[in-house]
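Contents: one structure, followed by commentary.
Chain A is the first sequence line, chain B the second, and so forth, proteins listed ahead of strands; every chain is numbered from 1. Remember, predicted model here, so these are calculated numbers, not experimental data.
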There are 2 protein chains.
Amino acid sequence: MRVKRQAVHDAILLAAEQEFAENGYVKATISKIARRAGTAPSNVYVYFQSKLEIVLAVYEPWFKRQILDLEQAVADKTTVEQKLTSLLEGLWKYIPHDTRGLTTTLVQALATATPQDKYNPELLRWTEHKIAQVLSDTFRSESASSVDFLALAHMIMFTFDGVGLRHNLRQSINREAQMITEMVALLSRLDGEGEKHPDRRDELEHQLTE
Amino acid sequence: MRVKRQAVHDAILLAAEQEFAENGYVKATISKIARRAGTAPSNVYVYFQSKLEIVLAVYEPWFKRQILDLEQAVADKTTVEQKLTSLLEGLWKYIPHDTRGLTTTLVQALATATPQDKYNPELLRWTEHKIAQVLSDTFRSESASSVDFLALAHMIMFTFDGVGLRHNLRQSINREAQMITEMVALLSRLDGEGEKHPDRRDELEHQLTE
DNA sequence: TATATTAGCGAACGTCATTCGGTATTGACA
DNA sequence: TGTCAATACCGAATGACGTTCGCTAATATA
């Protein structure tokens, strides 16, 4: 009996990561991946069932690492505004715009996938729960206790997808910085902090908690 | 000299709209569109330069109509919360989930497009300005005067793209309703209205406007 | 009516992801 | 150590697709 070799498996994954980073999902071909990995295109299918499976195998560990690093970066911040800014900049700026372009690659892959490809949304769920947890940890005031953080995380991830999609066309108008600023301002109000007009807000706060 | 016939042009557009609606961008083929339009695949290229150009020609009028109708629907509402809910439900629920699936089609098209396809983002800009205007009209209180509505519109449209993308995979978790609820709550605070505890809020309202 | 332009079309091209058939390597067992 | 069976590996084929190429014939213009 002959056995799959880990070295071949890893070579394919590495080659795929490089090809996807350089060309995105659509323009990266199995032929080029195979050539870079030093094997035949048909042999790739011994190790992976499809191109989609390859891209997911490449994306998942990379993305999880990004999220875990981001989680730590947020935890290192002190004020609510800093934490929120760090979170949104990571998700709406640094991760989708990273030079290796893996987010754009995934967006292309998901857009072209069909329902029968049976994409497993586990990674998305995991990420949303992580983000919801980060948000929940950020807001300690009771005024934010009734907020559905999972729903907010859901929206943040949809926006993440949108950023990745539009990034593909290289026509972002650089309004993303303002977008983050505005969203941080909106969310900060949940904590009763970060108001734009502290004078008035403090009055209100006082009334409310009295 | 022979002249292009409007009838053929329209037949292709109509056939394309139906094919895209049934199969999405990736699975719709020029062959099937041509067959449905009663012409040859090669002749389609007399009227349109590419598949991408066709999908944009189909999508733009449909989408503009959706936005104009939505604008009117929002204007017909009376309270700030109703207006916001109407706006976000339109953009995050009804339009991307419409049975004809044109949003998913566009998302697929944009995801697979390359920068040299020279996609013109004019429609996106037009939409964002429309949404910013709607938001601006909704908030009349001075407390919201310093808000960058265009940035908020930008974010709302990114989220719209994300909804369309995930809708493609038929794995939405139906958290979109909560998402809309949470976002309406966040935005309502810009007006000093829309608090979650109406009793208390009314007191505040009174204080504020006095 | 003559002519230039071009709509229209069938066949071909180039590119992919994926599959097939055959070969030969190799782990397990005698 | 030798045999066997499972299967990694590979070159060639398959089937789809967007798009292009040559050719034919319709038609606006003069």
**Message:** Tell me whether the rings of A/Phe158 and A/His154 are parallel (<30°), tilted (30 to 60°) or perpendicular (>60°).
**Reply:** tilted

**Message:** Tell me which pairs pass salt bridge (Lys or Arg N to Asp or Glu O under 4.0 Å) where either residue lies in residues 43-63 of chain A, with sequence neighbours left out.
**Reply:** A/Glu60-A/Lys64

**side chain to side chain donor-acceptor pair (under 3.5 Å) involving B/Thr159 - partner list, sequence neighbours excluded** = A/Thr159

**Request:** Applying side-chain contact (heavy atoms from CB on, under 4.5 Å), name anything that partners A/Ala37, two or more places apart in sequence or on another chain.
**Result:** A/Ala11, A/Ile12, A/Ala15, A/Thr39

**Message:** Against B/Asp69, only a single residue in B/Gln66, B/Gln72, B/Arg65 fulfils side chain to side chain donor-acceptor pair (under 3.5 Å); can you say which?
**Reply:** B/Arg65

**Request:** Please list, chain by chain and in numerical order, all residues satisfying side-chain contact (heavy atoms from CB on, under 4.5 Å) with A/Gln82, sequence neighbours excluded.
**Result:** A/Lys77, A/Thr78, A/Thr79

**Residues which pass side-chain contact (heavy atoms from CB on, under 4.5 Å) with A/Glu122, listed by chain and number, not counting sequence neighbours** = A/Asn120

**Request:** Output every pair passing salt bridge (Lys or Arg N to Asp or Glu O under 4.0 Å) with a member in residues 29-50 of chain B, not counting sequence neighbours, ordered by first then second residue.
**Result:** B/Glu19-B/Arg36, B/Glu22-B/Arg36

**Asked** Which residue pairs pass the ring pair (Phe, Tyr, Trp, His ring centres under 6.0 Å) test with at least one member in residues 33-52 of chain A, sequence neighbours excluded?
**Response** A/His9-A/Phe48

**Request:** Please identify each residue that fulfils side chain to side chain donor-acceptor pair (under 3.5 Å) with B/Arg140, with sequence neighbours left out.
**Result:** none

**Message:** Regarding A/Glu176 and A/His97, do their side chains bring together a donor and an acceptor under 3.5 Å, going by distance alone?
**Reply:** yes

**Item:** Other residues, nucleotides, ligands: >12 heavy atoms within 6.0 Å of A/Gln116 CD
**Value:** yes

**Request:** Could you list by number each residue of residues 43-62 of chain A showing a heavy-atom separation from DNA chain D of less than 4.0 Å, or answer none if no residue does?
**Result:** A/Asn43, A/Val46, A/Tyr47

Atom pairs under 3.5 Å, N or O on each side, protein against nucleotides 27-29 of chain D: can you list them with distances?
residue	atom	partner	partner atom	Å
D/dT27	O2	B/Met1	N	2.8
D/dT27	O2	B/Met1	O	3.0
D/dA28	O4'	B/Met1	O	2.7
D/dA28	N3	B/Met1	N	2.9

**Item:** Stretch residues 18-33 of chain A: residues that reach within less than 4.0 Å of DNA chain C through a heavy atom
**Value:** A/Ala28, A/Thr29, A/Ile30

What protein N or O atoms touch nucleotides 21-24 of chain D N or O atoms at under 3.5 angstrom, if any, and at what distances?
none

